Amino acid sequence: MQIAQVILNGLLLGGLYAAMAAGFSLVWGVLNIINIAQGSAVVLGSYVAFFAWRYAGLNPLAAVALAGPLLFAAGWLLQRFLIQRVVAAPVLITLVFTFGMDLILNNSMISLFTADYRKIEGAFPTMPLTLGALTLPVDRLLAAVAAIGAAFALHFYLHKSRLGRAIVAVRMDRQTAELMGVRVEIIYATTFGLGLAMAGVAGCLLAAIFPTSPLNSAYYLHVAFVACVLGGLGSVLGAVAGGLLLGVVESLGALLVGAEYGTTVAAVALLLMLFTRPQGLLGRAGYE
Amino acid sequence: MMSRARLAIAITAIGALACAGLPLILAGEPYLMRLVTMFSLLLVLAASWNIVGGFTGYPSFATGAFFGLGAYVAAILQAKGVDWRLALAAAGLAGGVLAAPVGYGVLRLRGHYFAVASLMLGTILKELTTGWSDLTGGGMGLTIAGAGGDPEVLASFALRISLALAVLTVLLGAAIKWSRLGFGLDCIRMNETAAAGIGVDAQKLKTYAFILSSIPAAVAGAVYAGWIGYIDPTDVYDVMWSVKPIVAVLLGGVGTILGPVVGAAIFVALEEIVWRNVLSFSAGGLGVLIVLLLLILPAGVLPSFVSRKARS
Amino acid sequence: MTTALLDARNISRRFGGLKAIDDVSFQLNEGEIVGLIGSNGAGKTTLVNLVTGHLKPSQGEISFRGQKITGRKPHELASRGLMRTFQIVQPFNALTGLDNVAAAAMFAGHSRSLSSAREQADAALSNLGISHCRDHLPIRMTLAERKRLELARAWVAKPRLLFLDEVNAGLNTGEIEGVLGMIRKIAAEGVAIVIIEHLMKVVKGLCPQLIVLHRGQLLASGPTDEIARNPSVIEAYLGTRGAAAMLGDKS
C-alpha cells in the first residue's frame, strides 16, 4: 500500500513536470533548439504568481492568465529578434546561446528578488482527501490537474487552430511548409512564445505547492529534458507521459535509494530509455 | 610539415619561458599571480574540451564533471597523506578511467542527446560526492592538507604547475590534431557514416578523444583543489567549469590549436573587467558576453583559415 | 571446390512487420562484375546495407573470404576489403579532394603515414581523371566529380569487393560513359564489383552476371543473357511488353 501511495504522489508531482516539459518539447521539436532558459522561465512564472498573490490577492490559478500571455510575449520577441539569428547554427552554438540567455535571466531575478525561496501560502485548500488507505492532498491534486489541463490545451491548440496546425506542419517538414506559404520566422516566434508561456503556467502552479527560487532553475530544466526524452520527442502528449513517468520514478527512487539521489535516479532512467527505446514512450525515433 | 614543427617548438619554448619566468616576474603581485593561474586552468579546460568539442564535433558539457572528480580524488588522497605529485597523477588516472566507459556509452548519442547526457555526468557525480560524506565530507567539503603553509609559496607553486599543465595540454591538442587520430576525428566530425565507410572505427576514436580530453581536465581540478585549499561539491562540480571553457574556445576559434589560448586570455580579461565593475551581476555579465559573442563573432577571434591551413 | 569471395546464406531482414529482405542467398567470386537489379523497393539498398554492415540481418549468415562477417561493423569490413559507395555522395566537406582520398588510404588502405597516403591519393585522383580537384573542397566539385571522388576513395583502399550503389544516378549520358570507364579500370585490378543500377543498358554493357531482386526475394541470378530471357524476370522486373522488347533488343 505504501508503494501505491508513493506512485500516487509521483503522479501528482509528475503533473507539474508535464507542464514544464510540454513547452520545452514543443520548442525542441519545432526549432531543434534546447532552451536552457526554460528552467528560469518557470521561476519567472512563479514570481508572477507570487507577486500577484501578495499585492493583488490573485489566486495562482488566475495568475496563469497573467503569466501565460506575459511570457508568451517575451518569448515571441526573444525568438523573433534574437534567437532567430542563430536558429540554424549547430547544436553547440544554440545550446551556449540559450545558456547565455539563462545566465542573464537567472542573475537578473537573483539581483531583483534575491535567491530566497518563496511559496504562496494559503491559496489552495490544504485538507487531504482520503481514498481508502490512500491520502490525496487537494492542493497538489488541483495543481496537477491544472498543469495537465494546460498541456492538453496546448495539444488541442496545436491540432485544432490554424496557427497551431502551421506549427505542426513546420515541425514535420519545414521546407514544404514554407512552399505552402507558411512564414517560418513567425511560426518559430509563436512556438517559442508558447514554450515560455507553458513554463510560466507551470511556474504559477508550482509556486502554490513548493517553495521556488532562481537557484532551482537548473533542476526544472533537468526535469523538462528528462521528461521530454522519457516520453518521446515530437508530441505534447509524449511530454505529459514523460512528466508523469518521471514523477513516479523520482518518488520510487526517493523511497528506495533516498531523495538526495533524485537526479542520479532520473539520469539512470533516462539512459536506460535512451539505450533501449530511443524514441521514448510515445515518440518517433530519429530526431537529434 | 615544417610549420608544424615550428609551431610545436614555439609553443614549448614560450611555455617553458613562461613557466620559468612568470613566477619570478610576478613575485609579490598576488593579484596578477591569481589571474595568470586562473587563465592557465581555464586554458587547460578549454584546450582539453577542444579535443572532443572542436576536433570531434561532439558538444560535450562533461568538462566540469572531470574537473570536480580530479579535485576530489586529489584532495582525498592528500588528506590521507599521499604525496601531491602522486595525487595529481591519480586524479588524471581517475578521469581517464571514468571517461572510458562513460565515453563509450554516451558517444553513441548525438546532438542534443549527447550534450545533455554529458551535462548530467557532473550532476550525478555531485550528488554521489555529496552523498558519500564519510569519504568526501559531503556538503561540508574538504580542506586540503598541506595548504596551511606560506600563501606566497603556494601561489607561486600553483602558478608554475598550472602553466606547465596548460602548455602540455596545448601540445597534446597539437599532437592529436596532427596525428592519425586527429585525421580520423576530422572525418568523424564531417561525416560519421562516410568515415565508417572508409574504415574509421568511429566509436574507438571518439572514446580515445574523450579519454584524452578528460585527463587534463581532472588534473586541472586537482591543481585547483591544492591551490584553493578547500573544495565543496557546489564549487568544483559547478556547471560553469563546463561552460566557461566552451565560451573561451568559441571566442578563440573552435578546433584550432591556438584558439583556446587566445580565447582563454580574452575570457579572463573580460571576466576581470566585468567582475570588478558589477560583482553581483557577474554571471549575467557572462551571459551578455555569450549572447553578444555568438551574434557578432560566431567563428571566433582567430580567423577560421587557421584550422584549414593547419592540415596542409 | 574453391570458396566464394562472398557467401550470403538465407539472409532476411524485417522492419517491423515488413520483410524487406526475405531468405536471400547468393555467392560472388573474386574479380567478377555483377549487376544487382530490381524495381524500386525491391530491397537492393537494404541488401547492400546488410552485406556491408550498415544493417544487421534478422536471420542468415554472411561470410567474406572464408570468414563469418555477420553483424560486423562497416569500418571493420571496409578495412578488411569490403567497401561501398553511397547512393547520395558522402564527401568530407572541409577536406580537399586530395585529403578526402588520403583518408581512405589511411584508414581502409592501411597507409602508414599521411605523406604516403597522400601519394596514393594523388595517383588515384589522376587515374580517375580528377587531378584538377586535388585542392578543391567538395562543394566546388560537380556531381560527376564527386562521384569520381568516391570511386577514388574506393580505389586507394584496394578493396577485394566493392558495392556501387546507383553510382550513375543524376549523371548525364556523357558523364555516365566516363564513370563506366573508371569502373572498368577498377575491375581490371581484380576488384570484384557489384553494381546496383536502374539502367538496363548500363548493366548489360558492364556485367556478365546478374542478381535480380523482387519484393525482397531473390528472383533469379546467373549470366546476363540468360536472365534477360527469363520470362519471370521480364514480367516481374520490367512488367510491360515494351520493356521486354528493350531487353531482347540485342538478340
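All values reported here derive from a predicted model rather than from experimental measurement. Throughout, protein chains are lettered first and strands after them, A, B, ... in sequence-line order, and every chain is numbered starting at 1.
- Taking the six-membered ring for Trp and thresholds of 30 and 60 degrees, A/Trp28 and B/Tyr113 have ring planes inclined between 30 and 60 degrees apart.
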Pairs under 3.5 angstrom only: tabulate donor-acceptor contacts from the side chains of residues 90-99 of chain A to other protein residues two or more places apart or in another chain.
from	atom 1	to	atom 2	distance (Å)
A/Thr94	OG1	A/Val91	O	3.1
A/Thr98	OG1	A/Ile34	O	3.1
A/Thr98	OG1	A/Ile36	N	3.2
A/Thr98	OG1	A/Thr94	O	3.3
A/Thr98	OG1	A/Leu95	O	3.2

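- With a 4.5 Å cut-off on non-hydrogen atoms, B/Val243 touches chain A through its side chain but not through its backbone.
- Heavy-atom neighbours of chain B within the stretch residues 100-109 of chain A, taken at a separation under 4.5 angstrom, comprise A/Gly100, A/Met101, A/Leu103, A/Ile104, A/Asn107, A/Ser108.
- Ranked by heavy-atom pairs shorter than 4.5 Å toward chain A, the options B/Ala283, B/Ser60, B/Gly105, B/Ser282 are led by B/Ala283.
- For the set B/Ile246, B/Leu286, B/Leu295, the count of heavy-atom pairs under 4.5 angstrom toward chain A peaks at B/Leu295.
- Counting non-hydrogen atoms of other residues, nucleotides and ligands closer than 6.0 Å to CE of B/Met240 gives a total above 12.
- Below 4.5 Å, heavy atoms of chain A meet heavy atoms from B/Met120, B/Thr123, B/Ile124, B/Glu127, B/Leu128, B/Gly131, B/Trp132, all part of residues 119-137 of chain B.
- Within the 4.5 angstrom heavy-atom criterion, atoms from both the backbone and the side chain of B/Leu294 approach chain A.
- Heavy atoms of B/Phe61 lying under 4.5 Å from chain A belong exclusively to its side chain.
- When heavy atoms are compared at a cutoff of 4.5 Å, A/Val268 does not approach chain B at all.
- Looking at A/Ile110, there are no atoms closer than 4.5 Å to chain B (heavy atoms on both sides), in backbone or side chain.
- Within residues 250-267 of chain A, the residues having any heavy atom under 4.5 Å from a heavy atom of chain B are, by residue number, A/Glu260, A/Tyr261, A/Gly262, A/Thr263, A/Thr264, A/Ala267.
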